Amino acid sequence: MSHDRRESGFKRRTRVADARATLLDAASPHDRTESVPVESADGRVVAEPIDAPAPVPGYDRAAMDGYAVRASDTFAAGDRSPAVLAAKPAEADAVAPGEAARVHTGSAVPEGADAVVMIEQVEAVGDEVEVFDAVATGENVGEAGEDVADGQRLYEPGHVLRPSDLGLLRSVGLDRIRVREPPEVAVIPTGEELVESDPGPGEVIETNGLTVSRLVERWGGEARYRDVVTDDSDALREAVAADLDADVVVTTGGSSVGERDLIPEVVDGLGEVLVHGVALKPGHPMCLGRAEGTPVVSLPGYPVACIVNAAQFLRPAMKRAGGTDAEPFPTRRATLSRKVASEPGVRTFARVSLSESDEGGNSTETGDGDADDDALPTATPTRASGSGILSSVALADGWVVVPEPREGLDAGDPVDVELWEVTP
């Protein structure tokens, strides 16, 4: 590092967008793939192009209950002069001129038939049926390949599979597909004050590593949740170096500029520090680096700052390592209950709880696409400050992001609440 961080502190803090872009430049998708059953592929990332091996449906099928006919046999049929056709057994294989066969929705259309007359327009009379409505060729018939064509490209690499995708894959006859292996993230909690239980004076129960490792798994990765490493340069260097075969290494604690904040120097010794200090609140003492080609995300030790930075930096880095991009968090429109202060030039994450309005709760849309503020829920800040108060985020429904140019938000302002725990 080119300066003594203990003396200079954070004279310059990198904007969030620039810091994230720098980190993503240091991350790259791994090339590990595996074949998995379709039913187990929800949330997995497609590794290679997927084409349909067969059409869906694989045959012309009846679009509704009725009788399969040749459309030409129903020409001029009406209420007063029905077309009279010979009735074939149900689900007959073929229909000759002058014949009709009973079919059900989804069943194969018999050979020779090219239309289906709705059951409401047909009356069975002995061995014959009277058709009271003329149909055109192809009417009420779903053609083979109407849903999916043979050989149709279904998904490109990088697509994140959803439950509806799995249904489509099974419908074309696929039992297994090739996906990327989940990105591996080594989670290393640090700090000589951390203990597993029964903390004494000056000690704290370790929570950051647990929280981050579970976030990694929720976001589609595999976490290596390591034991706590004390504030010792050699021990920290050994711990980080041992996990550089992971796709991302994340440490918690020791990322600031104090005497016991050794992580930046450790990362710099193993590789290079890319960013140290981010214009973000809570959590500006962030350190982002790279060692042996592996991104290293060093999160602050304060629990709220740790979580905020994990969502803003670790999540996109591990998603990139897994071969996809992090989608924006879903938001909910709300009305701010009281003022939120913010420092200009700093992106602030204000934790809020949501409560429904007296007017009915859910937000509504007006004709021009704007939300009706009278029906919006209320967003109440759980705490204006305090990056060490874990309950302020654990008991919140989301956070409101105050962008860098703003000097706070006023009570009554409509805001978008990021529901950061809702989506992977």
Side-chain angles (χ1 to χ4, degrees), residues 1-3 5 10 12-33 45 157-158 160 180-190 208-209 212-213 215-216 219-224 226 236-257 261-280 283-300 305-328 347:
M1 299 177 73
S2 59
H3 64 275
R5 59 186 173 79
F10 293 107
R12 178 181 179 275
R13 290 182 289 182
T14 306
R15 292 171 75 94
V16 172
D18 295 335
R20 186 185 294 125
T22 298
L23 176 62
L24 291 179
D25 284 342
S28 58
H30 68 67
D31 58 3
R32 306 185 305 275
T33 66
V45 179
V160 180
R180 287 185 176 273
E181 291 185 5
E184 293 190 2
V185 179
V187 181
I188 307 172
T190 76
N208 287 335
V212 172
S213 64
L215 285 174
V216 165
W219 293 333
E222 290 186 354
R224 306 176 185 174
R226 300 309 195 192
L236 291 168
R237 185 178 300 107
E238 181 180 351
V240 173
D243 270 316
L244 289 179
D245 62 328
D247 297 305
V248 181
V249 171
V250 55
T251 63
T252 65
S255 64
S256 190
V257 293
D261 292 305
L262 305 174
I263 286 294
E265 290 182 354
V266 167
V267 173
D268 202 45
L270 291 170
E272 61 177 325
V273 169
L274 304 172
V275 173
H276 191 200
V278 180
L280 173 152
H284 73 270
M286 269 282 298
C287 179
L288 305 174
R290 175 174 51 197
E292 298 182 12
T294 300
V296 181
V297 179
S298 299
L299 303 173
C306 179
I307 291 172
V308 169
N309 281 284
Q312 300 306 308
F313 298 101
L314 174 58
R315 177 174 176 261
M318 61 162 283
K319 290 288 188 179
R320 175 66 58 86
T324 188
D325 292 320
E327 294 291 333
R347 186 174 300 186

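For the numbers below, each heavy atom of this structure counts, side chains included, while hydrogens, waters and symmetry mates do not. Just so you know, these numbers come straight off a predicted model, no measurement behind them.
For the pair Arg224 and Asp245, the salt-bridge criterion is met [side-chain N within less than 4.0 Å of a carboxylate O].
With rounding to the nearest 0.5 Å, the separation of CZ in Arg290 from CD in Glu272 is 4.5 Å. For the atom pair OG1 of Thr14 and CG of Leu23, the computed distance is 12.0 Å after rounding to the nearest 0.5 Å. How far OG1 of Thr252 is from CG of Asn309: 12.0 Å, rounded to the nearest 0.5 Å.
A distance-only check finds no donor-acceptor pair linking the side chain of Asp247 to the backbone of Val185 [under 3.5 Å]. Checked by atom type and distance alone, the side chain of Ser298 never pairs as donor or acceptor with a backbone atom of Ser255 at under 3.5 Å. Between the side chain of Asp268 and the main chain of Pro264, no donor-acceptor pair closer than 3.5 Å is present. Side-chain atoms of Lys319 come within 3.5 Å of backbone atoms of Trp219 as a donor-acceptor pair (strictly under, hydrogens ignored). When atom types are taken as modelled, the side chain of His30 and the backbone of Glu181 share a donor-acceptor pair closer than 3.5 angstrom.
The shortest distance between side-chain heavy atoms of Met318 and Val297 does not fall below 4.5 Å. Two residues are said to be in side-chain contact when any heavy atoms from C-beta on lie closer than 4.5 Å; Leu270 and Arg237 meet this criterion.
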- Worked verdict on Asn208 versus Leu299 for side-chain contact (heavy atoms from CB on, under 4.5 Å): CA-CA 9 Å; Asn208 287 335; Leu299 303 173; over 6 Å; no
